[in-house]
Amino acid sequence: MSINENDSRVRRTKKLIRQGLVSLVEEKSINKITVKELTDRVEINRGTFYLHYKDVFHLVECIEEELYAEFDAKLSSYTGNQLLKTPVDVCEDFCSHFYKHKDIYTALLSENGDAKFSYKLGELMNEKVYSIFKSIFPAMDNTKYDFAYSFGKFGLVGLTYCWFTEHPEWTPRKVAELWLSLTTLGIWGILGDEGKEVLINAHISR
């Protein structure tokens, strides 16, 4: 039977299924969730679930592919020149994407989520970000880029998870400003005069 993905009832059902997945991930590993548990949680029959997904793994795969596609579209829409001119606005756009899907991002990035998710998202980012950085810094050392990118990627994942689980009251703009400050200035840099004093004293004591 053909499914009309634009049908409002289909959208509501798929949204309900995903909400059930998020709820169950709070209790157990995503790899141990069964279709029966999921359908019982959201009070639909298994036949309805199988109209849209083969199993829970297929559900997770579909969700992740949609997130990758949306994130990729955002990455592809920016140039190095835009990043240099309006870095906070660009970062806010990415943070808004995470915020829009905060429940599923929280679930997938948690210890009960998909361990491969952040890696695959990072690989997607690497390809796009590398081309942007090369356009800005054509003489960039590839080895240093690898270190810097890995540092930034895992930092972003940690920052996003901390945002949603510990400080959900923060706005995408506020997180974007912090993200940019951490990326460009580092931890000492965002401490202001206190950070500078620590660095100066450390240098003097050498």
Q | Side-chain ion pair, Asp93 and Arg173, N-O less than 4.0 Å | A | no

Q.
Under 6.0 Å between ring centres: does that hold for Phe71 and Phe98?
A. yes

Q | Atom pair CG (Leu24) and OG (Ser29), whose distance is rounded to the nearest 0.5 Å | A | 11.5 Å

Q: Hey, could you give me the NZ/CG distance between Lys102 and Leu109, rounded to the nearest 0.5 Å?
A: 14.5 Å

(Q) Between Tyr50 and Asp55, is there a side-chain donor-acceptor contact under 3.5 Å, judged purely by atom types and distance? (A) no

Q) Do Tyr105 and His97 have side-chain N/O donor and acceptor atoms under 3.5 Å apart? A) yes

(Q) I'd like to know if the side chain of Thr39 and the backbone of Lys36 have a donor-acceptor N/O pair within less than 3.5 Å. (A) yes

(Q) Hydrophobic cluster membership, with links at side-chain heavy-atom distances under 4.5 Å among I/L/V/M/F/W/Y: are Tyr68 and Leu108 in one? (A) yes

Q. Should Phe154 and Val175 be counted in the same cluster of Ile, Leu, Val, Met, Phe, Trp and Tyr side chains packed under 4.5 Å apart?
A. no

Q.
Please check: side-chain N/O of Asn112 versus main-chain N/O of Ile30, any donor-acceptor pairing under 3.5 Å?
A. no

Q: Please answer: with hydrophobic residues joined when any side-chain heavy atoms are less than 4.5 Å apart, are Tyr119 and Leu67 in the same cluster?
A: no

Q. Closest approach of Gly20 and Leu38, non-hydrogen atoms and distance?
A. C-CD1, 3.4 Å

Q.
Can a donor-acceptor pair be found, under 3.5 Å and without considering hydrogens, that links the side chain of Tyr149 to the backbone of Lys144?
A. no

(Q) Could you measure the distance from the CZ atom of Arg18 to the NE2 atom of His52? Nearest 0.5 Å is fine. (A) 10.5 Å

Q: Take Phe94 and Val90 through the side-chain contact (heavy atoms from CB on, under 4.5 Å) test and state the conclusion after the steps.
A: CA-CA 7 Å; Phe94 288 119; Val90 173; 3.6 Å; yes

Q: Report whether Trp179 and Leu84 are members of the same hydrophobic cluster (ILVMFWY, side-chain heavy atoms less than 4.5 Å apart, transitive linking).
A: yes

Q) What distance separates Met140 CE from Thr143 OG1, expressed to the nearest 0.5 Å? A) 10.5 Å

Q) Just by distance, do the side chain of Ser150 and the backbone of Phe147 share a donor-acceptor pair under 3.5 Å? A) no

Q) Got a donor-acceptor contact below 3.5 angstrom from the Ser23 side chain to the Gln19 backbone? A) no

Q: In sequence, state the C-alpha distance, the side-chain angles, and the governing distance for Thr13 and Phe49, and then conclude on side-chain contact (heavy atoms from CB on, under 4.5 Å).
A: CA-CA 9 Å; Thr13 298; Phe49 177 92; over 6 Å; no

**Q.** Close side-chain approach of Trp170 to Leu178, heavy-atom, < 4.5 Å
**A.** yes

Q) Is a salt bridge present between Lys28 and Glu37, judged by a nitrogen-to-oxygen distance below 4.0 Å? A) yes

Q.
If you count every heavy atom of other residues, nucleotides or ligands that lies below 6.0 Å from Lys120 atom NZ, does the total exceed 12?
A. yes

Q.
Applying a strict under-4.5 Å side-chain criterion to I, L, V, M, F, W and Y, I'd like to know whether Leu75 and Ile136 cluster together.
A. yes

Q: Nearest 0.5 Å please: distance from the CH2 atom of Trp163 over to the SG atom of Cys95.
A: 5.0 Å

(Q) Between Thr48 and Asn45, do the side chains contain a donor N or O and an acceptor N or O under 3.5 Å apart? (A) yes

Q: Give a yes or no on whether Lys74 atom NZ has more than 12 heavy-atom contacts from other residues, nucleotides or ligands under 6.0 Å away.
A: yes

Q. Less than 4.5 Å apart, any side-chain heavy atom of Tyr53 and any of Ile17?
A. yes

Q) Could Lys174 and Glu169 be called an ion pair, given the rule that one side-chain N must be under 4.0 Å from one carboxylate O? A) no

**Q.** CZ on Phe151 to CG on Leu156, rounded to 0.5 Å
**A.** 12.0 Å

(Q) Quick one, Tyr161 with Glu166, criterion side-chain contact (heavy atoms from CB on, under 4.5 Å). Give me CA distance, side-chain angles, the key distance, then yes/no. (A) CA-CA 8 Å; Tyr161 188 70; Glu166 303 293 335; over 6 Å; no

Q.
Using side-chain contact (heavy atoms from CB on, under 4.5 Å), reason through Lys54 and Leu59 one step at a time and then give a plain yes or no.
A. CA-CA 7 Å; Lys54 299 174 184 177; Leu59 164 63; over 6 Å; no

Q) Would you call Glu64 and Lys116 a salt bridge, using N to O less than 4.0 angstrom? A) no

Q. Do you see a donor-acceptor pair shorter than 3.5 Å between the side chains of Glu66 and His101?
A. no

Q: Compare every heavy atom of Ser118 with every heavy atom of Ala115, then report the nearest pair and how far apart it is.
A: O-OG, 4.1 Å

**Q.** For the student: nearest non-hydrogen atoms of Leu16 and Val42, plus distance
**A.** O-CG1, 3.2 Å

